Structure formats: structure tokens, C-alpha cells
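All values reported here derive from a predicted model rather than from experimental measurement. When a ligand or atom number is given, it counts from 1 through the structure's own listing order.
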Amino acid sequence: MAIERTFSIIKPDATRRNLTGAINAKIEGAGLRIVGQKRVKWAKADAEAFYAVHKERPFFNDLVAFMISGPVVVQVLEGENAVARYREVMGATNPANAAAGTIRKEFAESIEANSVHGSDSPENAKIEIAQVFKPDEIVG
Ligand code: UDP
């Protein structure tokens with residue numbers, strides 16, 4: 001299996017509660033390497049562009065407001081099967097349905113404030129990484 005990269009966000013509910021380190025411990029404990037990381041405050045346009053795929057969904061405006069309510073930590077994670085591996089570590093979108101030991105089960109507050117984002121396919125991972133990181137900000 002080739003080494004793959006995925007894009008991750010530690011969301012404002014988690015940065016607010018000082019959970020960046022605890023989430024990074026889960027990521028590294030799962031065998032994923034953090035090869036790019038920066039803490040940023042997104043503008044409304046950044047969140048709207050990132051979640052453009054959800055533009056028509058009823059939760060879009062609330063989601064954008066949530067994602068700009070505090071700092072986020074954007075990350076590039078590298079490892080074998082990184083996209084699927086990180087989805088496993090994150091757990092289900094709704095923390096009520098997330099498996100024991102997952103980030104969302106342990107830390108998420110709600111289906112919206114669910115602590116982390118992870119790309120859902122290798123194709124989207126490439127797009128999302130390129131949206132947020134310059135090549136020299138990733139050190140493998
Ligand atoms: N979301 C929400 N309400 C919903 C479904 C999703 O606020 O009913 C938010 C939630 O923060 C989620 C994000 O929108 O992580 C993107 O939704 P998606 O279905 O892509 O879930 P994910 O891939 O993050 O598990």
C-alpha cells in the first residue's frame with residue numbers, strides 16, 4: 001500500500017477546549033504522521049469556499065458560522081491508507097453514532113461541533129490540501 005496524504009481540520013469547538021494535543025495524540029497513535037500543520041482563523045469566504053459542496057444543505061449557514069467562531073488547526077496527515085485510516089480514527093459524523101475510542105466519540109459536542117474534519121476520498125484530499133497549504137509548508 002502506497003503512502004497517502006489526507007487533509008484534516010481541528011475545528012473551533014476543539015481548539016476552544018484546548019484539545020489540539022489530545023487529538024494529535026490520537027492521530028499519531030493511529031500511525032499517521034503530521035507533515036503540515038498551522039493554526040489559523042478562517043474568514044467567512046474561506047469557510048464558504050471549503051464547504052461549497054454543502055451550499056444547498058440546510059445546515060450550511062450554521063456550519064460556516066461555526067467554522068469561523070474561533071481558530072482552526074489545518075493539517076496534512078501522511079501514512080498508509082491515510083484517508084480511510086483517519087476516517088476510522090475520527091468516527092461517525094454524529095458523535096452519538098461514533099464508535100468507542102474515536103475522536104468524535106470522546107470529544108465532539110454535537111453533529112455540527114464534531115471536533116474534526118477529514119477528507120472523504122484521495123481525490124478530495126489532494127484538492128483540499130492544495131486549497132490550504134503551499135507545497136513548502138508540507139515536510140514529509
Ligand atoms: N454537519 C452539520 N449538520 C448535519 C451534517 C453535517 O452541521 O446534519 C456538519 C458537520 O460539522 C460535518 C460537516 O457538516 O462534519 C460536513 O458534513 P459531512 O456529511 O461531509 O460529514 P463528515 O465528512 O465531516 O463526517
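The shortest N or O to N or O distance between Tyr51 and ligand 1 is not below 3.5 Å. Between His117 and ligand 1, a contact under 3.5 Å exists for no N or O pair.
The proximity of Asn114 to ligand 1, defined as any non-hydrogen pair under 4.0 Å, is limited to the side chain. Under 4.0 Å from ligand 1, the heavy atoms of Leu63 that appear belong solely to its side chain. Neither the backbone nor the side chain of Met67 has a heavy atom within less than 4.0 Å of ligand 1. At a heavy-atom distance under 4.0 Å, no atom of Arg57 approaches ligand 1. Contact annotation for Met90 and ligand 1: no heavy atom of the residue comes within less than 4.0 Å of the ligand.
Remark: aromatic rings of Tyr51 and Phe66 are distant, center separation not under 6.0 Å.
For the atom pair CD1 (Ile103) and CD1 (Ile23), the distance works out to 5.5 Å, reported to the nearest 0.5 Å.
Using bins of under 30°, 30° to 60° and over 60° for the plane-to-plane angle, the ring pair Phe50/His117 lands in the perpendicular bin. The aromatic rings of Phe133 and Phe7 lie perpendicular to each other, with more than 60° between the two planes, well past the 30° mark.
Those atoms of ligand 1 that come under 4.0 Å of a heavy atom in Glu112, given as number and element, are 7 (O), 10 (C), 11 (O).
Ile68 and Ala43 get closest at one heavy-atom pair: CG2-O, 3.7 Å.
No donor-acceptor distance shorter than 3.5 angstrom exists from the side chain of Asn124 to the backbone of Ser119, with no hydrogens or angles considered.
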